Amino acid sequence: MFSDFAYQIFEESIKKYHVLDRVDQVFENPYPKSEVSHLLYRKNWIDTVQWHYEDIIRDPDIVPEDALVLKRQIDASNQDRTDLVEYIDSYFLEKYRSVEVGEGATINTESPAWALDRLSILALKVYHMNEEANRSDASEEHLAKCRKKLAVLLEQRKDLSTAIDQLLADIASGDKYMKVYKQMKMYNDDELNPVLRAQK
């Protein structure tokens with residue numbers, strides 16, 4: 001199933017990141033650019049770095065100037081994340097290009113790549129909640145709460161994976177069809193953001 005394939009790549013990316021556990025480490029993609037695995041690995045790496053950006057920026061003692069730099073990095077990361085989702089959807093559009101869409105076919109509320117985006121974030125939640133559920137310096141109450149949360153996350157992974165695989169099967173059979181809308185983010189565009197436009 002594609003969801004299992006993607007999740008394994010997400011886990012690989014997360015584990016690789018945590019070898020050094022540094023947001024400024026050099027990124028190396030082990031997969032060829034011609035394969036969708038290359039996009040999936042890159043997508044999760046962006047999510048993983050941003051997860052840790054979000055931890056850092058919540059430090060109550062962070063220097064304001066450092067926080068501003070980090071906010072810019074988070075903005076850039078969000079744009080990269082959106083771009084990767086659109087690249088992954090392009091892969092699916094090409095893959096299912098020749099499918100004959102059924103007369104009663106319907107559209108899904110989200111594209112396959114945006115569902116995979118949720119699975120990538122979920123893989124990060126599972127990884128970090130598992131860490132919390134096994135911390136040697138935490139109270140038993142903390143460990144018990146985190147184990148319950150981890151169980152919910154694992155159930156959510158099963159449900160989301162099933163939904164992704166069903167969506168892909170429905171697209172492949174023509175029972176559903178893809179229609180991808182570009183995100184058209186406005187805040188990074190110096191023509192669409194009035195603050196940036198005023199600086200020109």
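As the structure is a computational prediction, the values presented were derived from the model and not from experiment.
Residue Tyr96 qualifies as enclosed at atom OH: its count of foreign heavy atoms under 6.0 Å is above 12. Around the CD atom of Glu155, the shell of radius 6.0 Å holds no more than 12 heavy atoms that belong to other residues, nucleotides or ligands. Within 6.0 Å of the CZ atom in Arg147, the count of heavy atoms belonging to other residues, nucleotides or ligands exceeds 12.
The existence of a salt bridge linking Glu131 and Arg135 is excluded, since no basic side-chain nitrogen approaches an acidic carboxylate oxygen closer than 4.0 Å. A salt bridge links Glu94 and Arg97; the closest N-O separation between the charged side-chain nitrogens and carboxylate oxygens is under 4.0 Å. In this structure, Arg81 does not pair ionically with Glu86, as no charged nitrogen and carboxylate oxygen lie closer than 4.0 Å. Of the charged side-chain nitrogens involved, none lies within less than 4.0 Å of a carboxylate oxygen, so that Glu12 and Lys16 do not count as a salt-bridged pair.
Side-chain contact between Tyr177 and Thr106 is absent, with no heavy atoms from C-beta onward closer than 4.5 Å. A 4.5 Å side-chain heavy-atom check between Phe27 and Asn29 finds at least one atom pair inside the cut-off. The closest side-chain heavy-atom distance from Asp80 to Trp45 is not below 4.5 Å. Asn108 places none of its side-chain heavy atoms less than 4.5 Å from the side chain of Lys179. Gln156 has its side chain within reach of Leu122: a pair of non-hydrogen atoms, C-beta onward, lies under 4.5 Å apart.
Panel note: side chain His52, backbone Thr48; a donor-acceptor pair is recorded below 3.5 Å. Of the possible polar contacts, none joining the Asp66 side chain to the Ile62 backbone as a donor-acceptor pair under 3.5 Å is found. Checked by atom type and distance alone, the side chain of Gln25 pairs as donor or acceptor with a backbone atom of Tyr17 at under 3.5 Å. Side chain of His18 to main chain of Ile14: a donor-acceptor pair is present (N/O by atom type, distance under 3.5 Å, no hydrogens or angles). Counting only distance, with no hydrogens or angles, the side chain of Ser161 and the backbone of Arg157 share a donor-acceptor pair below 3.5 Å. Under the 3.5 Å distance criterion, the side-chain polar atoms of Asp47 are left unmatched by any main-chain donor or acceptor of Ser120. Distance alone, capped at 3.5 Å, places no donor-acceptor pair between the Ser13 side chain and the Ile9 backbone. Looking only at distances, no side-chain donor or acceptor of Gln8 sits under 3.5 Å from a matching main-chain atom of Phe5. In this structure, the side chain of Arg58 engages the main chain of Glu54 through a donor-acceptor pair within 3.5 Å.
Asp165 CG to Phe2 CZ: the interatomic distance, rounded to the nearest 0.5 Å, is 9.0 Å.
Partner of His128 under the side chain to side chain contact (heavy atoms under 4.5 Å, CB included) criterion, out of Leu124, Val126, Asn130: Leu124 alone.
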